[in-house]
Chemist: 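Encoded as structure tokens, here's the structure I'll be asking about.
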Amino acid sequence: MVDLSAPGSDATAKGFGSDDPMIGDVSEGRVLRTILSRTPAGRDALLGPGDDAAVIAAPSGSVVATTDTLVEGPDFRAAWSNGYDLGWKSAAVNLADIAAMGARPTALLVALAVPKDRRLSFVAALADGFRDACAALAPGCAVVGGDLTVSATLMIAVTALGDLEGRQAVTRSGARVGDDIAIAGEMGVAGHGLSVLFQRFHRDGAAIPVDAAALGEGEAEAIAAQLRPVPPIGLGPMAAIAGASAMMDVSDGLALDAGRMAEASGVTIALEQTALGAHPRRALAGGEDHALLAAFPAGVLPPGFRRIGSVIAAVPDAPVLCDGEPVGPLGWDPYRDAGADVSH
């Protein structure tokens, strides 16, 4: 789990002392040089930043692509997340989507819309977060290009690319009756961290900085899981090799995302409460751990995955059951829940 005391405050970004201008006071070229000096070339980049587009190798002949946008307000609060956190999380959530298809992440394209009053060190810390997340979660993957603009609202849009290495993509629609349902990664920890943030560090409708000294047992780890998730990226390709019939990233809560897999596959997913850990409701409702949810033929369970249920014939109006009972509308729906001061 990521330690909240790990490198991350924008002011500690290397190379910045008193010369830390606001974004509105420097040229686009200087911002770009700051980012590129902190992000190494990717293993699959045949042509990296500097031209109109990057050129990325795709040895298998197919490319997996995904995109995700983080917007200040609905997706993060500046009082809780520094530049390093945001770079790490922006990389991690996209890497998880690539892994969920059974692919190996190869490259990231990053589009930044940054307010003029942000310091250059913030962008440097953001780049450090991208670099370190790629190095830790998907070695060889790197930022290969993107776009810069100025905006009143901070926005980070990332497109991730991946290579299937000759395998078929693992979709969410392949679960079959009799399959085992398994999970790799955490369930509900990041959601608990979000609850702690809203309950303890949110006053009068606004976020306030986290006081690490005020955190109880397990709360620092939960907040770290929310701000800097550590999804099991390498297990995505391993699951595909082992024969996963369906797989997806759990970003919006186990109950909601399992329901999506069930509906895409035309089945019902029957979860077992005892397999969901000490806090079953937290596991069902919490999102943003970016665990990998997968269906495997019975008896096929690769290392790193643990069984939490099975696939059964579709039950009308009940895509997900837990101990035989339908699971209600738990999880995070951005159109329903954005702006609500609640956890997932």
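When reading the values below, keep in mind they use all heavy atoms of this one structure, side chains included, and skip hydrogens, waters and symmetry mates. Numbering starts at 1 and runs along the sequence shown.
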Chemist: Could you state the interatomic distance from CH2 (Trp88) to SG (Cys134), rounded to the nearest 0.5 Å?
Modeler: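 If we round to the nearest 0.5 Å, Trp88:CH2 and Cys134:SG are 9.5 Å apart.
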
Chemist: Does Ser37 reach the side chain of Arg33, with side-chain heavy atoms less than 4.5 Å apart?
Modeler: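 No, every pair of side-chain atoms sits at 4.5 Å or beyond.
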
Chemist: Could you tell me the separation between the CG atom of Asp117 and the CD1 atom of Ile23, rounded to the nearest 0.5 Å?
Modeler: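 With rounding to 0.5 Å, CG (Asp117) is 9.5 Å from CD1 (Ile23).
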
Chemist: So do Val64 and Leu164 actually touch side chain to side chain, heavy atoms under 4.5 Å?
Modeler: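 Yes, at least one pair of side-chain atoms sits under 4.5 Å.
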
Chemist: Please check: side-chain N/O of Asp20 versus main-chain N/O of Arg119, any donor-acceptor pairing under 3.5 Å?
Modeler: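 Side chain of Asp20 to backbone of Arg119, a donor-acceptor pair under 3.5 Å: no, none is there.
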
Chemist: Closest approach of Ala91 and Ala133, non-hydrogen atoms and distance?
Modeler: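 Shortest heavy-atom contact: CB-CB, 3.8 Å.
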
Chemist: Do Val31 and Val110 belong together in a cluster built from hydrophobic side chains that touch within less than 4.5 Å?
Modeler: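 Same hydrophobic cluster.
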
Chemist: Does Leu161 belong to the same Ile/Leu/Val/Met/Phe/Trp/Tyr cluster as Val143, with side-chain heavy atoms less than 4.5 Å apart forming each link?
Modeler: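 In one cluster: no.
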
Chemist: Is Asp249 reaching over with its side chain to a backbone N or O of Ala100, donor-acceptor style, under 3.5 angstrom?
Modeler: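 Judged by distance alone, no pair lies under 3.5 Å.
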
Chemist: So, for Val327 and Ala255, which heavy atoms are closest and what is the spacing to 0.1 Å?
Modeler: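 Between these two residues, the closest heavy atoms are CG1-CB, 3.6 Å.
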
Chemist: Using every non-hydrogen atom in the two residues, find where Pro237 and Arg167 come nearest and quote the distance to one decimal.
Modeler: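 Shortest heavy-atom contact: CB-NH2, 3.6 Å.
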
Chemist: Any donor and acceptor pair, going by atom type alone, linking the side chain of Thr268 with main-chain N or O of Ala318 inside 3.5 Å?
Modeler: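 Looks like yes, one N/O pair under 3.5 Å.
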
Chemist: Specify the closest pair of heavy atoms between Ser245 and Val170, including all atoms of both residues, with the distance to one decimal.
Modeler: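 Closest approach of Ser245 to Val170, heavy atoms only: C-CG1, 4.2 Å.
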
Chemist: Are more than 12 heavy atoms from other residues, nucleotides or ligands located less than 6.0 Å from atom CG of Asp211?
Modeler: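 Yes, enclosed.
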
Chemist: Among the clusters formed by ILVMFWY side chains lying less than 4.5 Å apart, do Leu194 and Leu215 turn up in the same one?
Modeler: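 In one cluster: yes.
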
Chemist: With the side chain counted from C-beta on, respond yes when Met187 and Leu276 share a heavy-atom pair under 4.5 Å apart, and no when they do not.
Modeler: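 They are in contact (side-chain heavy atoms under 4.5 Å apart), so the answer is yes.
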
Chemist: Are any of the side-chain heavy atoms of Pro139 and Arg43 separated by less than 4.5 Å?
Modeler: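 Yes, at least one pair of side-chain atoms sits under 4.5 Å.
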
Chemist: Nearest 0.5 Å please: distance from the OH atom of Tyr84 over to the CG atom of Leu227.
Modeler: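 Rounded to the nearest 0.5 Å, the OH-CG separation comes out at 12.5 Å.
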
Chemist: Between atom NE2 of His192 and atom CZ of Arg282, what is the distance when rounded to the nearest 0.5 Å?
Modeler: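 One gets 4.5 Å once the value is rounded to the nearest 0.5 Å.
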
Chemist: Yes or no on side chain to side chain contact (heavy atoms under 4.5 Å, CB included) for Leu126 and Leu112, after CA distance, side-chain angles and deciding distance?
Modeler: CA-CA 10 Å; Leu126 191 75; Leu112 298 176; 3.4 Å; yes

Chemist: Please check if the side chain of Ser60 supplies one atom and the backbone of Asp163 the other of a donor-acceptor pair under 3.5 Å.
Modeler: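 No: the side chain of Ser60 does not pair with the backbone of Asp163.
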
Chemist: What's the shortest heavy-atom distance between Ala103 and Pro105, and which atoms?
Modeler: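 Distance-wise, the nearest heavy atoms are O-CD, 3.7 Å.
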
Chemist: Would you name the heavy atoms of Val189 and Ala225 that are closest together and state the gap between them?
Modeler: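 In terms of heavy atoms, the two residues are closest at CG1-CB, 3.8 Å.
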
Chemist: Does the side chain of Phe130 reach to within under 4.5 Å of the side chain of Ile35, using non-hydrogen atoms?
Modeler: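 Of all side-chain heavy-atom pairs linking Ile35 with Phe130, none is under 4.5 Å.
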
Chemist: Between Val150 and Leu154, is there shared hydrophobic-cluster membership here, with clusters defined by ILVMFWY side-chain heavy atoms closer than 4.5 Å?
Modeler: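 No, separate clusters.
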
Chemist: Decide side chain to side chain contact (heavy atoms under 4.5 Å, CB included) for Phe76 and Asp85; before the verdict, give the C-alpha distance in whole Å, the side-chain angles of both, and the deciding distance to 0.1 Å.
Modeler: CA-CA 10 Å; Phe76 64 88; Asp85 295 332; over 6 Å; no

Chemist: Would the distance check show the side chain of Arg307 and the main-chain N or O of Leu301 forming a donor-acceptor pair, the cut-off being under 3.5 Å?
Modeler: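 Not a single qualifying donor-acceptor pair exists.
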
Chemist: Taking the side chain as everything from C-beta on, heavy atoms only, tell me whether Val311 gets closer than 4.5 Å to Ile181.
Modeler: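 In contact.
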
Chemist: Could you walk me through whether Glu288 and Gln226 pass the side chain to side chain contact (heavy atoms under 4.5 Å, CB included) test, one step at a time?
Modeler: CA-CA 7 Å; Glu288 296 196 285; Gln226 167 62 217; 2.9 Å; yes

Chemist: Between Asp97 (side chain) and Asn94 (backbone), is there a donor-acceptor pair under 3.5 Å?
Modeler: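 Answer holds: no.
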
Chemist: Indicate yes or no for a side-chain donor-acceptor contact from Ser265 to the backbone of Ala175 under 3.5 Å, with no hydrogens or angles considered.
Modeler: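 Yes; at least one donor-acceptor contact below 3.5 Å.
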
Chemist: Using the ring of each side chain (for Trp, its six-membered ring), is Trp80 parallel, tilted or perpendicular to His202, with breaks at 30° and 60°?
Modeler: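 Plane angle between 30° and 60°, so tilted.
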
Chemist: Taking atom CG of Leu86 and atom CZ of Arg228, what is their separation to the nearest 0.5 Å?
Modeler: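 Going from the CG atom of Leu86 to the CZ atom of Arg228 covers 10.0 Å.
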
Chemist: Should Glu221 and Glu186 count as side-chain neighbours, where that means a heavy-atom distance under 4.5 Å?
Modeler: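 Answer no - side chains too far apart.
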
Chemist: Hey, does the side chain of Asp68 reach the backbone of Val158 with a donor-acceptor pair shorter than 3.5 angstrom?
Modeler: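 Judged by distance alone, no pair lies under 3.5 Å.
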
Chemist: Backbone N or O of Asp252 within a donor-acceptor pair of the Asp257 side chain at under 3.5 Å?
Modeler: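 The answer is yes, because a donor-acceptor pair under 3.5 Å joins these two groups.
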
Chemist: Closer than 3.5 angstrom, by distance alone: can the side chain of Ser151 be matched with the main-chain N or O of Pro115 as a donor-acceptor pair?
Modeler: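 Absent.
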
Chemist: Answer yes or no: does atom CZ of Arg281 have more than 12 heavy-atom neighbours from other residues, nucleotides or ligands under 6.0 Å?
Modeler: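 For Arg281, atom CZ is not crowded (no more than 12 foreign heavy atoms under 6.0 Å).
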
Chemist: Less than 4.5 Å apart, any side-chain heavy atom of Ser251 and any of Met248?
Modeler: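 Sidechains of Met248 and Ser251: no contact.
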
Chemist: Among Thr106, Leu108, Ile233, whose side-chain contact (heavy atoms from CB on, under 4.5 Å) with Cys141 holds?
Modeler: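 Exactly one candidate clears the test, Leu108.
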
Chemist: Just verifying a value: how many Å separate Glu263 CD and Arg172 CZ, rounded to the nearest 0.5 Å?
Modeler: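 So the gap between those two atoms works out to 10.5 Å.
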
Chemist: How far apart are the C-alpha atoms of Arg77 and Leu197, what are their side-chain angles, what is the distance that settles it, and do they pass the side chain to side chain contact (heavy atoms under 4.5 Å, CB included) test?
Modeler: CA-CA 10 Å; Arg77 308 302 201 269; Leu197 289 171; over 6 Å; no

Chemist: For residues Leu235 and Ile98: do they belong to one hydrophobic cluster (side chain heavy atoms under 4.5 Å, members Ile, Leu, Val, Met, Phe, Trp, Tyr)?
Modeler: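 No: no chain of side-chain contacts under 4.5 Å links Leu235 to Ile98.
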
